[in-house]
Every structure is written in C-alpha cells, then in structure tokens.
Amino acid sequence: MADERLKSLTSMLARHGILVAFILFMIGFTIANQRFLGLDNVLGVIRSSAILGVMALGVTFVVVSGNLDLSVGSMMSFSTIVVLDLHDKLGPSMAIPAMFAMTMALGAFIGFLVGYLKLNSLIVTLGMLSAIHGLTLTYSGGKNMDIVDKSGTWFSVFGQGAIFGIPVPVLMFGLLAVVLTVILAKTPFGRKVYAVGGNGTAATFSGIPRARVVFMTYIISSFCVATAGLIQASRSLGSQNTVGQGLELDVLAAVILGGASLLGGSGTVFKTVIGVLILGFIQNGLLLVGLQFYVQYVVTWVIIILAVWLDIAAKRGRLWSPIA
Amino acid sequence: MIAQKPALRLEGIVKTFPGVRALDGVSFEVMPGEVHALLGENGAGKSTLMKVLGGIYQPDDGTIFIDEAPVTMGSPLDAKAKGVVFIHQELSLADELSVAENIYLGELPTKSFGRVDWDSLHSNSAAILKRLNCKFTPQTIVGDLSIANKQMVEIARALTVDAKAVIFDEPTASLTDAEKVVLFDIISDLSRQGVGIVYISHRMDEIFTISTKISVLRDGEYRGSLATAETNEDEVTQLMIGRSLDLGQKVEHAQTGKVAIEVRNLSCGSLYHDVSFKVRSGEVVGFYGLVGAGRTEIAETLFGLRNPTDGTIHLDGEEVRIHSPVDAIRHGISLVPEDRKGQGLVLGMNCRDNMTLPQVADLTAGPFVSDGAEIAIFDQYRDKLAIKTPSWRQRVGNLSGGNQQKIVIGKWLSMAPKVLIVDEPTRGIDVGSKSEIHNLIRDLAKQGYAVIVISSEMPEVLRVSDRVVAMFHGEIIREFTSEEVTEDNLVQAISGIRSDKVA
Ligand SMILES: Nc1ncnc2c1ncn2[C@@H]1O[C@H](COP(=O)(O)OP(=O)(O)OP(=O)(O)O)[C@@H](O)[C@H]1O
Ligand SMILES: [Mg+2]
C-alpha cells in the first residue's frame, strides 16, 4: 500500500521533476525573504531573464535536433552592435530588418556547415563564437556603439516600453514562447526535429531531409538571437562589443535545466521557459538573501547540478542505477 | 539419472511497468546441463523474465534461487559474478571499442597500477574467438563488424566466466545458417559441461533441434512445460497461442498485372553486379541468399540510400532516378529496413509518432499535425498487426522486440506504397503474428502492390513468394517460379554450386 503510493509519487516526480524542483526553490526563497514572491520582484525577474529566455527558446530547437549552439552569445553582441550602428545610418525601421537579415545569414551559414556538410556542431559553433566576435569588432572598429539622440527615438520601446503595465521584453518573450511551443509541439516540422535528434538514421530512413531540418533549427535559433539583440540594444541604446559574452553557457544551462537531453530527441519549449525562470529566480533569490555577487556563480551551479541530478534520479526511480 | 537440484530457479516472479503487468507470478527452473527453450508470443514477458534473472530489472515480488539458495541480483555484473550470463536480444556492444575490450568490458585484466594487460586481454580473447570459429581478430573495432559478427562477440562475452546458466535471448535472429551451426555446437558444449541454458527463440526448427525442454509463457503467466522429445510443433503452438497454425502451407497466389518496377543491369561498386529483375503489381518476389549476398544493398539503392554505379531503375515503364528516400517515397516505394533499432525506429518517441513519421507532413489540419488522423492510422495497424502496447503513448523503446518490429511494418504499410520492399520482415516475430504478416503481404499483393521480400528464412521465402530470386556474392544466380522452387535447388543456388554462372 505505502509501496503503491511511493510508486505513484516517483512516477509523478519523474514526469515533472524539474517543476517540483522549481516549486521547492520558490518556497525556500519565499521563506527566506517575503519580498521574493512580490509582483514587483517577479516581474523584475522575468524581465531581466527575457533576453536569456528568448535565446534559450531558439537553442531548444537546436538541442532537440541533437546539436549544440555555443555561438549565440557572441552572435547576440553582433546583432546589438549592428542594429545600434544602423539605427543612426538608416533609421530604426530599416535598421531592424537589416540586422535580422544579417544575423540570420550567420545562422544560415552555421546551419549549412552543420546540416549539409555534417560538421560537428560543437566545433562549428565554438569556432563561430570567436569568429563572430572578431566580425563584431571589425564592424565597430573596437569602439562602443551609441545612438546619438537617445531621447528622440521610438526604438527604445522594445527594451523599455510596457503595455498594460507589462514590460515589452516580457511580452516578446511570452509571445515567442507560445509561437515556438506550437511549432515544436504541433507541426510536422517540430515532429521532424524530434525524429532527427532521437535517431538521425531512422529519420533518414523515414524520408526526412535531415540536413534541411538541422539547417532550419539554426535559422530559428538565429532569429531568436536577433530578437534578443533587439531587446538588448533598445534597452540601453548603447553597447559594448561584448554584451553577449558568456551568455551561451547560461542559455545552455537553462535548456538543460528544462530537461532537454544533450543527446537530442527530448525537451520542450515550455520546459525551457521553466529552466529560464529557475535560473532567473535562483540568481535573484540569492541576491535577496544577501549572498555576495561572486558567490552566486558557485551556488548557481551547485543548484543546477542538484536539479539535473534529481531530475534523472526521479526518471529512473532511484538515486543511482547501474543502467542509465 | 539421479535427482538433481536445479541450477537456477525462479519462484512467483512479478514485474509490472506502468500500464503493463509483464510478469504475473511466474515460476521457472533450469537443471544443470539442460537446454530449456522459453516460448511465448511477442510481449509475453520472456525478455522481462530473463532481465529479472540477469539483474537488469528488480522484481516487484518473487525469489531467485541459485543452487537452491535465495539470491538477489543487484546488477548485471552482480548476476554475472553469481554465474548467470545474459546474451541480449538487442545488441549491447560499444561500437568504438575493439572486440577484445568488448568481450572483457567492465572486467579488463590489469597489471600493476591498474594498467590494462593488453597481452593477456588479446590472447584470452583470441582463444574464445577461436572456440567460436570467428574469422576476425580481437583487435577489430566492433563498429566495423557485420550484425552477425557482433552477435558472435556478444556470445563470446558469455564465455569469459564460469557460468552456471547462460541465457540466449533470440541469438540467431541475425545469424547465417553456418554461424548457427557453430552456435549450436557451443550450446551443446556448454550443456555437456553442466551449464544450464535458457534459449528464447521464435523459430520452431531451432527449438526442436537444440532444446531438451520447452516452457511457455503467455500474457505474463507460466503456461506449462513439455519435454521436447515427447511433443511436436503443433502442441507447442497450441499452448502458446491457443490454436494451431499451418506455416508450411503455401499461401494463395494472386493475379499479376503490369510490371511495376524493373531494374536493368544495376551495379553498385563491389556490393552487387549487373542485377536485372522485374516485379509485377500483384506479385511477391522473394530474394533469398546468404547474409552479405547484396540483397539489402539493392533494397537500399531502390530506396535512394545508395547511388548505383551503373544501370537503371524503371517504375511503370518509365526510367526514374532516386537520389534520396524522399524521392523513393514520392514514387511510392516503401522499405522496411533490416535493423529496426538503428534504422527503423526512434526509440525515444511514442508508438504512434513512430508509425506516422514518414507521412506526418500529410496528416495535417491546417498547419498542425492532426491528432485524430494519426490515432486513426495507429489504431488501424495496431489491430491489423496485433501490436501489444498499453496505449499509443508508450515509448517504442519499452515495447517487446517483436512488437517494435510490428510498428516498423505498420509504419510502411500505412503508406500504401506501390512497391513495398521488406528486409527480414519477421525477424523476432512470434509464429502467430508471422503467419499474420505473411497473409498481410499476400493481401497487399492481391490489392495490386508489388512486393519484394528479402529473407534469410527459407520457409518464409517459399511460403510467400510467387517467384524466388537466388543471390550469391552480389549476383543473381537464378530465378525460380513458385512451381520449380524447392529447398534443395535454392540451397544449391545460394551456395554458388550452380557453377555455370559462378566463375
Ligand atoms: N521498460 C519497460 N517499460 C514498460 N513496459 C515494458 C518494459 N519492458 C517491457 N515492457 C512490456 O512488458 C511486456 C513484456 O515484454 P517482453 O520484452 O518481456 O516480451 P517478450 O516476451 O520478450 O516479447 P518478444 O518476443 O517480442 O521479444 C510487453 O508488453 C512490453 O511492452
Ligand atoms: Mg523479447
């Protein structure tokens, strides 16, 4: 009897392990600091997670298809610098589409290398991480990029505006999350992404054009990066060449925290959103609890490892098992 | 004979998975030196029972005894240490490692400071391979071996310890007849040494050749045991599926129509050479030959997975070029591939999604995949093929081996192809379903499909084919009509004895 109950509990945990971990964190932090769950704080966290979140949505497609994208951080710097530069040269309404086109061209290039030439995605995107950084520096001449007339542009709406009291970055994150959830979960393309990541050979034997599917995941990822760059540029209206540096690891952490397997074939956009929020709330919670900034780096990673371990432990129903 | 203690005994084993009662109080014992065949339909619980014994699953209830002393099997290594060795239905080798490393995986011999003792590793492995009559060296990388040879490595693993009991879970599914003979020798050898053998297979001929006792499982329950010498196939089938079957009988042949697919002088490097044949709609053509005769490679060429170096393919009289599976599917060609785990299925996906994968782009309502259309297809083929699963949501990886194979078959039947190619369609499928699938193939032919059946099982080829093409070393040796073909001339043809065509 008690055994039965334990069994249904573990199977519940197995399906929602990461959600349970999330709720536990939230309860813990709320006990430690009442302000934690206040509306202000919650909106603040989501808002500051939006850039990371938007990027993680796109990377989810790449990871589900069985690949990696480590170039998103430096690609985001590129987008930010380009759109700020073009803002003054072409005006915002031309600058934005131009920046999206340039960023997605980079995504297409990566997609070509990984999808059609079948090069290892870790190596390709690690290389692109520094190559794009070089490209950004060449473009900007190494200088910071600033919009001249900061108060006279509607461009600031993407980063600083709000509709019905909800910050625009949060709205964009939410909207993109919904659209991408639908694409991954409900369309034939989404199904193909899972198949390619789950077993590429079987996908080929099922008449799925593997190269094209992989190519498309990088297009989606670069679209998300461009969106993140837009928010970043619009929020500060000026930027260094290195704004996105290091973000690729946080993005990957959020995706994995959401339960996507690095081997491909599993993960959902919704779970990635949860992963992003966990990461955001942990960092915020630690700050509210009063931990010093640099201790956070360590604690964050300890918590991530714990969460991921609990998740797989719950999946197999015991803490350790000889077979995975 | 004096009364012996069983080498191995299982009592009241219960194992459940979400939605499935895989084993419901099963008791089973193996005497020393006995070759005990375990039979049952796909999903009856055979593999699960052996996995409990091999320490892979922990039973919910019940006890395992070795030499009448109760034991628990904590892990596969633990079971091996206690003398129970398991040769799996699905291969479980590390493709990147050498044969020797695979044989001694987890227990590599070491020298001081934990360094691997390569010399004794290689000499020990070589000795085992020699015993198995294997032609490859211990240094060969496993990934480079054929499926049959991989199976031999898996068997070699079992011979590294002093086993009390060795479990073979469908070991011959991908072995040639010659390799089978070697395997049977080994089994007799082990049995003479007093090792208890559990032998799972769906092939009655093998079971009657090798076993001394037969036990039957059905729906997770023990149904009874028979002494092999005192029973016959019919009685066993009765016990297994509750009715008898006549698998020897030839199925009825259909009217044939126009030529649906024609291959002219097709060659592909050293894989096959100057191959020509026609298949009419309404006709089933069997391709029979040894593993490695080039049959699978021809199928892969027709399905756009290989480019021919020479020759042409014609569909309905028109020459076509097939560069990819996408092209092949568009032309109405389906291929049920030979390796279900590697090529046929996405194991992490559910049953329904696997089955509808090739046509998912067409099963839409607006831009979205239509749940209803997918479930309708799944339900139809689940019933047609008697697929055993608690629901379409089950991960395919959790199905029994035979039910996985049925999902692959359903996947390609549901495409309603013009030309259906099936490569070893009934590998791992129980006798009842096997005859169902044979009937289904005949039904498809009757409806006007052109079907190519590649099989290494002679009775299967003889039973379903209107014509049989015999291949040897990448060449078509001879074509037989169903009237002229016999076991004897087929055996002769594929071993290359008909010397007029073999240089
Ligand atoms: N890991 C698992 N999770 C859920 N269900 C499982 C799992 N393993 C086995 N099953 C179910 O248990 C039942 C028995 O499976 P098992 O593999 O033992 O069958 P089998 O007799 O070996 O069949 P086959 O002849 O097809 O190999 C099946 O219904 C199968 O779907
Ligand atoms: Mg089995």
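Naming convention: chains lettered A, B, ... in sequence-line order (proteins, then strands); numbering from 1 in each chain. Values below: every heavy atom of this structure, side chains too, minus hydrogens, waters and symmetry copies. Keep in mind that what you see is a predicted model, and the values were worked out from it rather than measured.
Enclosure of atom CZ in Arg212(A) is not indicated, since only 12 or fewer non-hydrogen atoms of other residues, nucleotides or ligands lie within 6.0 angstrom.
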Side-chain donor-acceptor contacts of residues 54-64 of chain A below 3.5 Å, not counting sequence neighbours, with atom names and distances?
| from | atom 1 | to | atom 2 | distance (Å) |
| --- | --- | --- | --- | --- |
| Thr60(A) | OG1 | Ala56(A) | O | 2.7 |
| Thr60(A) | OG1 | Thr272(A) | OG1 | 2.8 |

Show me the donor-acceptor pairs within less than 3.5 Å that the side chains of residues 213-228 of chain A make with the rest of the protein, sequence neighbours left out.
| from | atom 1 | to | atom 2 | distance (Å) |
| --- | --- | --- | --- | --- |
| Thr217(A) | OG1 | Val214(A) | O | 2.6 |
| Tyr218(A) | OH | Leu68(A) | O | 2.6 |
| Ser221(A) | OG | Asp69(A) | OD2 | 3.1 |
| Ser222(A) | OG | Tyr218(A) | O | 3.1 |
| Ser222(A) | OG | Ile219(A) | O | 2.9 |
| Thr227(A) | OG1 | Phe223(A) | O | 2.9 |

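Results of the side chain to side chain contact (heavy atoms under 4.5 Å, CB included) test with Pro188(A) over Asp362(B), Val369(B), Leu357(B) single out Val369(B) as the only residue that passes.
Of the two parts of Glu300(B), only the side chain, counted from C-beta on, holds a non-hydrogen atom closer than 4.5 Å to a non-hydrogen atom of chain A.
Considering only heavy-atom pairs separated by less than 4.5 Å from chain B, the leading option among Gly265(A), Pro209(A), Ala202(A) is Ala202(A). For the set Ile208(A), Val182(A), Thr187(A), the count of heavy-atom pairs under 4.5 angstrom toward chain B peaks at Thr187(A). In terms of heavy-atom pairs under 4.5 Å with chain A, the best-connected choice from Thr356(B), Asp353(B), Asp78(B), Leu345(B) is Asp353(B).
Note that the OG1 atom of Thr204(A) and the CG atom of Leu305(B) stand 7.5 Å from one another [nearest 0.5 Å]. Taken from CE in Met349(B) to OG in Ser266(A), the straight-line distance is 11.5 Å, to the nearest 0.5 Å. Note: Arg191(A) CZ to Leu363(B) CG = 9.0 Å, rounded to the nearest 0.5 Å.
Below 4.5 Å, heavy atoms of chain A meet heavy atoms from Pro325(B), Val326(B), Ile329(B), all part of residues 322-330 of chain B. Of residues 405-418 of chain B, those residues with a non-hydrogen atom less than 4.5 Å from any non-hydrogen atom of chain A are, in numerical order, Lys411(B), Trp412(B).
Inter-residue side-chain proximity for Phe205(A) and Leu335(B) is flagged as met; some heavy-atom pair is nearer than 4.5 Å. Put simply, the side chain of Leu347(B) does not reach to within 4.5 Å of the side chain of Asn199(A), judged on heavy atoms.
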